[in-house]
Amino acid sequence: MQALEDDDDLDFENSDGDDDTGDTETDSNGSSDEFLREMSEKDEKIKSLVDMGFSEDEANMAITRCGDVDLWELVDSISASRITKDSHSRNLSDHQITDRCFDSFGGRKKARLMEESKKKRNRYGGRAQGNQPSLDGSHDEPMPLPNPMVGFNLPGYLQPSVTRILPKQDTGPPFFYYENVAQAPKGVWATISRFLYDIQPEFVDSKHLCATARKRGYIHNLPIENRSPLLPMPPKTIFEAFPHYKKWWPSWDLRTQLNCLRTNVASAKLTERIGRALASSDSPPARSVQKYVMNECRKGNLVWIGKNKVAPLEPEEMEYLLGFPKDHTRGLGITERYKSLGNTFQVDTVAYHLSVLKVMFPNGVNVLSLFTGIGGGEVALHRLGIHMKAVVSVEIRKANKRIFRGWWDQTQTGTLIEIDDVKSLTDDRIVSFVSRFGGFDLVIGGSPCNNLAGCNRYNRDGLEGEQSALFYHYFRILNAVKSAMARM
DNA sequence: CATAGCATGATGTCTCTA
DNA sequence: TAGAGACATCATGCTATG
């Protein structure tokens with residue numbers, strides 16, 4: 001849901017800020033000693049795992065079990081053994097555990113995956129979303145994006161009704177709902193899906209529900225029958241959403257919907273250049289000018305606000321398109337508003353998926369909200385008329401917390417507990433919350449997309465990237481909630 | 001120090017065509 | 001079937017300004 005920056009309002013609840021001054025100084029230039037190098041790599045991994053909330057013992061055991069493998073495989077292994085311990089809640093067989101570790105050595109599972117790979121490629125006609133920048137090449141399970149990107153079903157669409165049956169141990173409680181960008185680097189969704197109990201992602205482009213595109217993947221264990229959309233349904237075209245732009249919209253701009261709302265908007269210099277290019281050309285403009293203008297308009301989501309005059313959307317217009325109440329983000333600077341809005345849920349889309357909760361929880365829900373952002377999930381629940389008895393919200397950006405707290409105070413009567421950082425939400429604290437509230441009904445959140453998003457020029461390094469790796473905390477926390485609730 | 005403004009490609013998928 | 005082109009993308013880093 002949110003993009004997390006490391007230079008922004010970092011005030012951790014716990015004093016985990018001294019991690020970097022730890023005992024694992026890596027000597028990158030001097031040491032010719034292979035042994036020392038391996039040891040410091042091992043220390044690095046242990047440090048990262050401890051950082052994620054695992055114990056040092058667990059980290060050590062995992063490295064012993066699996067050898068020199070990627071970080072995520074170690075997390076996988078630890079979690080697998082944890083879950084085995086909770087065998088009364090979830091029966092993961094020894095066979096699966098060994099298979100996972102075996103896989104780490106590039107064993108028979110690799111061959112099996114390759115087989116499945118081929119089958120799926122054939123089944124989906126060769127269309128495959130790319131795969132992970134895999135270091136060992138063993139995780140290239142394809143995760144094709146559907147076309148059209150409409151998920152399991154959508155309101156008003158006549159399509160074959162998809163049914164799915166989840167294994168009993170995955171159906172909850174709690175229900176969980178995870179979100180991230182659909183067009184992630186290769187293999188990312190395959191990995192996310194594997195961690196989240198091999199549940200197939202539901203890919204939805206919000207352009208089928210509103211006037212702006214938003215291609216996202218959602219993994220959840222909610223029922224998919226008897227969903228209902230928020231009413232009134234939002235406008236699905238630009239002119240329906242903003243009729244006044246019709247006046248200046250040139251006939252050769254054929255757009256009927258907007259592209260994905262992002263965290264930045266086009267500069268005034270750029271819109272000026274476009275204006276000058278149009279002013280100095282014929283009417284209608286030459287083919288090449290049209291092409292230039294249209295390219296910039298599509299990239300920057302520009303709209304026509306005057307003769308030869310384009311501009312980016314206002315924050316208020318983005319709030320509207322995304323399903324938020326007017327002025328939801330008001331009070332922040334404009335840059336901060338764009339950043340917050342660019343990173344949030346499309347409320348109608350998420351609400352459609354969550355709508356099944358209404359009849360299941362007539363007395364309200366307890367929610368664990370990770371990466372809350374400006375509260376897209378909570379706004380969706382509220383608009384569905386689902387009461388929130390308690391929300392434990394984890395969000396690191398002060399600006400977002402301010403917005404969310406303001407909305408909560410004005411609209412809600414339940415309990416809100418705010419936590420700054422997923423890293424500080426330890427297993428112990430989770431046990432304590434579960435005991436206090438009698439368990440969570442919904443664990444919801446979209447983990448940072450910074451290192452997955454296509455428009456990141458610098459650090460698009462996948463699920464292991466600095467911010468996007470926080471996905472593993474979503475996974476850790478979800479499992480902690482599951483096992484704590486299983487012991488209730 | 002906080003904020004705003006600005007410029008900065010790569011990695012994919014899909015479509016069309018030779 | 002290969003290749004070229006069209007198209008989309010929850011952003012980061014630098015700089016100026018108070």
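Computed over heavy atoms, backbone and side chain alike; hydrogens, waters and symmetry mates excluded. As the structure is a prediction and not an experimental result, all values here were calculated from the model. So that the names make sense, note that chain A is the first sequence line, chain B the second, and so on, each numbered from 1.
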- Among the nucleotides C:dA11, C:dT9, C:dC10, which one has an atom lying closest to any side-chain atom of A:Arg214? C:dC10
- Query: Sequence neighbours excluded, which residues qualify as ring-ring contact (aromatic ring centres under 6.0 Å, His included) partners of A:Phe242?
  - Reply: A:Tyr245
- Atom pair distance, as rounded to whole Å: CZ in A:Arg337 and P in B:dA2: 21 Å
- Message: Classify A:Ile334 by what it touches in the nucleic acid, base, sugar-phosphate, or nothing, heavy-atom distance under 4.0 Å.
- Response: sugar-phosphate
- Name all stems that contain residues of DNA chain C, defined as runs of 3 or more consecutive Watson-Crick or G-U wobble pairs, both distances under 3.5 Å. B:1-8 with C:11-18, B:10-18 with C:1-9
- Note on the structure: Sorted by chain and number, sequence neighbours left out, salt bridge (Lys or Arg N to Asp or Glu O under 4.0 Å) with A:Arg214 holds for none
- Rounded distance (Å) that lies between atom C1' of B:dT11 and atom CD of A:Gln183: 10 Å
- Item | A:Met143 CE to B:dT13 C1', straight-line distance once rounded to whole Å | 17 Å
- Please collect all salt bridge (Lys or Arg N to Asp or Glu O under 4.0 Å) contacts where either partner lies in residues 228-248 of chain A, sequence neighbours excluded, each pair once. none
- Task: Determine the sole option in A:Arg402, A:Lys398, A:Arg405 for which the salt bridge (Lys or Arg N to Asp or Glu O under 4.0 Å) test with A:Glu418 is passed.
- Result: A:Arg405
- Query: side chain to side chain donor-acceptor pair (under 3.5 Å): which pairs involve residues 295-309 of chain A, sequence neighbours left out?
  - Reply: A:Asp253-A:Trp304
- What residues form a salt bridge (Lys or Arg N to Asp or Glu O under 4.0 Å) with A:Arg337, not counting sequence neighbours? A:Glu319
- Message: Once you apply a heavy-atom cut-off of 4.0 Å, does A:Arg216 come out as touching a base, just sugar-phosphate, or nothing?
- Response: base
- Remember a base hit wins even if backbone is also touched, and classify A:Lys291 as base, sugar-phosphate or nothing at under 4.0 Å, heavy atoms. sugar-phosphate
- Message: Looking at A:Arg460, I'd like to know whether one of its side-chain N or O atoms comes within less than 4.0 Å of OP1 or OP2 on B:dA10.
- Response: no
Short heteroatom pairs, N/O only, protein and nucleotides 6-8 of chain B, under 3.5 Å:
from  : atom 1 : to       : atom 2 : distance (Å)
B:dC6 : OP2    : A:Ala268 : N      : 2.8
B:dA7 : OP1    : A:Arg273 : NH1    : 3.2
B:dA7 : OP2    : A:Ser267 : OG     : 2.9

- Rounded to whole Å, the CG-P distance (A:Asp205 to C:dA8) equals 11 Å
- Message: Please give the distance between the P atoms of C:dC10 and B:dC14 as a whole number of Å.
- Response: 15 Å
- Task: Using the P atoms only, state how far B:dG9 lies from C:dT15, rounded to an integer number of Å.
- Result: 15 Å
- Query: Among the nucleotides C:dA11, C:dC10, C:dA8, which one has an atom lying closest to any side-chain atom of A:Asn450?
  - Reply: C:dA11
- Task: Take atom CZ of A:Phe203 and atom C1' of B:dT13, then tell me their distance rounded to the nearest Å.
- Result: 14 Å
- Message: Is it the case that the ring center of A:Tyr472 lies less than 6.0 angstrom away from the ring center of A:Phe195?
- Response: yes
- Nearest to the side chain of A:Asn459, which nucleotide is it out of C:dT12, C:dC10, C:dA8? C:dT12
- Message: With side chain to side chain donor-acceptor pair (under 3.5 Å) as the rule and sequence neighbours excluded, what pairs involving residues 277-288 of chain A come up?
- Response: none
- Message: Is the phosphate of C:dT9 approached by A:Lys215 (side-chain N or O, under 4.0 Å from OP1 or OP2)?
- Response: yes
- Item | Between B:dT3 (P) and A:Glu336 (CD): distance, integer Å | 6 Å
- Message: So, using side-chain hydrogen bond (donor to acceptor under 3.5 Å, both in side chains) as the criterion, who are the partners of A:Asp327 when residues are at least two apart?
- Response: A:Arg330
Please tabulate, for the side chains in residues 346-353 of chain A, all donor-acceptor contacts under 3.5 angstrom to protein atoms that are two or more places apart in sequence or on a different chain.
from     : atom 1 : to       : atom 2 : distance (Å)
A:Gln346 : OE1    : A:Asp348 : N      : 3.1
A:Gln346 : OE1    : A:Thr349 : N      : 2.9
A:Gln346 : OE1    : A:Thr349 : OG1    : 2.8
A:Gln346 : NE2    : A:Leu321 : O      : 3.0
A:Gln346 : NE2    : A:Asp348 : OD2    : 3.1
A:Thr349 : OG1    : A:Ser206 : OG     : 2.7
A:Tyr352 : OH     : A:Asn153 : OD1    : 2.9
A:His353 : ND1    : A:Tyr177 : OH     : 2.7

- Item | Closest-nucleotide 5' rank along DNA chain B - winner of A:Leu332 and A:Arg262 | A:Leu332
- Task: Take atom CG of A:Leu452 and atom C1' of C:dT12, then tell me their distance rounded to the nearest Å.
- Result: 15 Å
- Task: Return the residues of residues 251-260 of chain A meeting this criterion: a heavy atom under 4.0 Å from some atom of DNA chain C. Order them by number, or give none.
- Result: A:Asn259, A:Cys260
- Run the salt-bridge test on A:Arg216 and A:Glu179 with the 4.0 Å N-O cut-off and return the result as yes or no. yes
- Message: Under the rule for salt bridge (Lys or Arg N to Asp or Glu O under 4.0 Å), what residues qualify as partners of A:Glu316, not counting sequence neighbours?
- Response: A:Lys326
- When the distance from CD of A:Glu466 to P of C:dA11 is rounded to whole Å, what number comes out? 17 Å
- Identify the two heavy atoms, one from A:Ser393 and one from A:Thr372, that lie closest to each other, and give their separation to 0.1 Å. OG-OG1, 2.8 Å
